Structure formats: C-alpha cells, structure tokens
**Student:** 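Here's a structure for you.
Computed from a prediction, not measured in an experiment: that's the story for all the values here.
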Amino acid sequence: MVQILTAAVLVTSGIAAGVLFTHAVGVWPAMQAMTPERYVAAHKLLGRAYDPMMPIIVGSSAVLDIILAILSAPGQARTLFIASAVCLAGVGAVSQTRNVPINRRVKSLDPQAIPADWEDPRGLWGKWNLVRTTFAVLALIGNAAAAVSAF
C-alpha cells in the first residue's frame with residue numbers, strides 16, 4: 001500500500017511541479033509579451049482548465065504526503081514527506097492569497113475594454129508564480145528523495 005501511495009504522490013507532485021514550471025518558463029513569458037487585450041483574453045482561456053484542476057492536484061499531493069508521513073517509520077523518509085507537504089501547503093497558500101486574487105481581477109475585465117488606468121498585474125503575478133513554482137519543485141524533490149530513502 002505504501003508503495004502505491006508513494007507512486008501516487010510522485011505523480012501528483014510531479015504534475016504540480018511540471019505544470020507550474022512549464023507555465024513559468026513557457027506560457028508566462030508569452031503572456032508577458034502580449035498586449036493587455038490579448039493577455040486578458042488568454043488569461044481567461046487558460047484559467048478554464050488550470051483554475052479548477054490545480055487545487056485538486058496540489059491538495060491531493062499534500063494529503064498523500066501527510067498519509068505517507070504517518071505510515072512511514074521515524075526517519076529520513078518521514079521527514080521528507082512532511083517537508084514536501086509543507087512545500088505543497090506553500091504552493092496552496094501563495095496561490096490562494098496572491099495569484100488567485102489577481103486572476104479574479106483579470107478575469108473580471110472585458111478584453112475589448114481595458115480601462116485606461118489599468119494597473120498591469122503581470123509583474124506581481126509572475127513573481128508569486130515563481131515562488132509557488134519553487135515550492136512545487138522542492139516538494140517533488142522531497143518526494144523523490146523520500147521514495148528512494150523509503151526502500
């Protein structure tokens with residue numbers, strides 16, 4: 001059972017880290033280069049899939065880490081599963097308190113009627129996205145190290 005849960009946490013934390021990393025190095029630079037109108041339209045389109053799915057993936061991975069920490073004997077694997085759960089909690093906290101509020105503001109805009117006094121949130125959004133991406137990658141590294149040390 002522990003091996004199946006370990007495989008599952010590697011998959012979920014790998015997806016979370018992969019999506020955020022890919023977004024940080026590929027999607028986000030493209031969105032920064034767009035005009036505000038195109039950026040708002042693209043943001044709305046991308047959010048349709050990312051917004052409902054990412055909390056499920058990150059939350060599932062954190063829960064799996066907690067379960068694995070409980071099931072693991074005291075030692076390195078347990079510590080790594082706990083550290084990974086903390087990192088995933090960091091992903092969720094940054095997402096919900098920083099990126100999601102910005103997402104909501106951007107989604108409330110009409111791409112064809114961007115206000116003249118609009119404050120472009122892309123710099124701030126990108127900064128926080130790098131923070132949560134770092135947390136996600138650290139969680140994946142921790143889970144991989146825990147998996148190796150557990151067997």
Side-chain angles (χ1 to χ4, degrees), residues 1-34 38-109 111 119-151:
M1 175 67 138
V2 170
Q3 288 135 335
I4 292 169
L5 294 176
T6 301
V9 82
L10 288 170
V11 170
T12 56
S13 64
I15 290 170
V19 167
L20 289 170
F21 181 81
T22 301
H23 199 85
V25 300
V27 175
W28 191 244
M31 291 180 75
Q32 286 180 300
M34 294 176 182
R38 284 189 155 183
Y39 161 70
V40 170
H43 195 105
K44 287 182 176 192
L45 286 172
L46 288 168
R48 289 182 190 171
Y50 284 123
D51 293 354
M53 188 55 62
M54 288 305 290
I56 293 168
I57 292 168
V58 172
S60 297
S61 193
V63 167
L64 287 166
D65 271 324
I66 292 166
I67 292 168
L68 285 162
I70 292 167
L71 296 176
S72 297
Q76 187 175 10
R78 177 181 281 176
T79 301
L80 289 165
F81 285 130
I82 292 168
S84 294
V86 169
C87 286
L88 289 163
V91 172
V94 170
S95 295
Q96 294 306 311
T97 64
R98 303 295 181 221
N99 295 92
V100 169
I102 294 170
N103 292 349
R104 287 187 185 124
R105 287 194 305 271
V106 171
K107 287 181 190 177
S108 72
L109 297 170
E119 290 187 36
D120 191 336
R122 288 181 275 190
L124 190 57
W125 193 97
K127 178 184 101 172
W128 288 112
N129 188 59
L130 287 176
V131 171
R132 67 184 180 168
T133 299
T134 301
F135 278 135
V137 170
L138 289 172
L140 175 58
I141 291 168
N143 282 325
V148 170
S149 71
F151 301 109

**Student:** Within a strict 4.5 Å, meaning less than it, do heavy atoms of the T6 and Q3 side chains meet?
**Tutor:**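 No, too far: nothing below the 4.5 Å cut-off.
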**Student:** Where do H43 and W125 land on the side-chain contact (heavy atoms from CB on, under 4.5 Å) test, with the steps shown first?
**Tutor:** CA-CA 12 Å; H43 195 105; W125 193 97; 4.3 Å; yes
**Student:** Could you tell me which non-hydrogen atom of P29 sits nearest to which non-hydrogen atom of G26, and how far apart they are?
**Tutor:**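 Closest approach of P29 to G26, heavy atoms only: CD-O, 3.4 Å.
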**Student:** To the nearest 0.5 Å, how far apart are CZ in R104 and CG in L109?
**Tutor:**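 It is 14.5 Å, given to the nearest 0.5 Å.
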**Student:** For the atom pair CD (E119) and CD1 (I102), what is the distance rounded to the nearest 0.5 Å?
**Tutor:**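 Between atom CD of E119 and atom CD1 of I102 there are 11.5 Å.
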**Student:** Applying side chain to side chain contact (heavy atoms under 4.5 Å, CB included), can you list everything that pairs with K44, at least two apart in sequence or on another chain?
**Tutor:**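 Counting only residues at least two positions away or on another chain, K44 forms a side chain to side chain contact (heavy atoms under 4.5 Å, CB included) with V40, K107, P111.
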**Student:** Under the side chain to side chain contact (heavy atoms under 4.5 Å, CB included) test, which residues partner I141, sequence neighbours left out?
**Tutor:**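 Testing I141 for side chain to side chain contact (heavy atoms under 4.5 Å, CB included), a comparison that skips the adjacent residues, returns V137.
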**Student:** Could I get the full list of side chain to side chain donor-acceptor pair (under 3.5 Å) partners for W128, not counting sequence neighbours?
**Tutor:**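 Result, side chain to side chain donor-acceptor pair (under 3.5 Å) vs W128: none returned.
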**Student:** State which residues pass side chain to side chain donor-acceptor pair (under 3.5 Å) with N129; sequence neighbours excluded, sorted by chain then number.
**Tutor:**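 Applying side chain to side chain donor-acceptor pair (under 3.5 Å) to N129 gives R132.
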**Student:** For the residue pair V9 and T12, what are the closest heavy atoms and their distance?
**Tutor:**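 Reported closest heavy-atom pair: O-OG1, 3.3 Å.
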**Student:** I'd like to know if the side chain of T22 and the backbone of V19 have a donor-acceptor N/O pair within less than 3.5 Å.
**Tutor:**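 Absent.
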**Student:** If the condition is side chain to side chain contact (heavy atoms under 4.5 Å, CB included), which residues does M34 pass it with, not counting sequence neighbours?
**Tutor:**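 Partners of M34 by the side chain to side chain contact (heavy atoms under 4.5 Å, CB included) criterion, ordered by chain and then number, come out as M31, R38, Y39, A42, R122.
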**Student:** Locate the shortest heavy-atom distance separating S60 from I56; write the atom from each residue and the value.
**Tutor:**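 In this case the closest contact between S60 and I56 is OG-O, 2.7 Å.
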**Student:** Kindly compute the distance separating CG (L5) from CD1 (I67), expressed to the nearest 0.5 Å.
**Tutor:**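 So the CG of L5 and the CD1 of I67 are separated by 6.5 Å.
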**Student:** How long is the span from the OG atom in S13 to the CG atom in L138, to the nearest 0.5 Å?
**Tutor:**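 CG of L138 is found 11.5 Å from OG of S13.
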**Student:** How would you list all residue pairs meeting ring pair (Phe, Tyr, Trp, His ring centres under 6.0 Å) that involve residues 47-71, not counting sequence neighbours?
**Tutor:**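 Residue pairs passing ring pair (Phe, Tyr, Trp, His ring centres under 6.0 Å), neighbours aside: H23-Y50.
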**Student:** For a 4.5 angstrom cut-off between non-hydrogen side-chain atoms, does V106 reach P121?
**Tutor:**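 A side-chain contact exists here, since the closest heavy-atom pair is under 4.5 Å.
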**Student:** Could you grab the distance from atom CZ of F21 to atom CG of L130, nearest 0.5 Å is fine?
**Tutor:**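 Reported to 0.5 Å precision, the distance equals 10.5 Å.
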**Student:** State which residues pass side chain to side chain contact (heavy atoms under 4.5 Å, CB included) with A30; sequence neighbours excluded, sorted by chain then number.
**Tutor:**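 Once residues adjacent in sequence are excluded, A30 has no partner under the side chain to side chain contact (heavy atoms under 4.5 Å, CB included) criterion.
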**Student:** Counting only heavy atoms not in I4, do more than 12 fall under 6.0 Å of its CD1?
**Tutor:**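 Result for CD1/I4: open.
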**Student:** Nearest 0.5 Å, what's the CG-CZ distance between L140 and F135?
**Tutor:**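 L140 CG to F135 CZ: 15.5 Å, rounded to 0.5 Å.
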**Student:** Keeping the roles fixed (side chain from S61, backbone from I57), state whether a donor-acceptor pair exists under 3.5 Å.
**Tutor:**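 No; zero donor-acceptor contacts below 3.5 Å.
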**Student:** Could you list the donor-acceptor pairs under 3.5 angstrom formed by side chains in residues 76-92, with sequence neighbours left out?
**Tutor:**
unit_1, atom_1, unit_2, atom_2, d
R78, NE, A69, O, 2.9
R78, NE, S72, O, 3.1
R78, NH2, S72, O, 2.4
T79, OG1, G75, O, 3.0
S84, OG, L80, O, 3.0
S84, OG, A139, O, 3.0
S84, OG, N143, N, 3.1
S84, OG, N143, OD1, 3.4

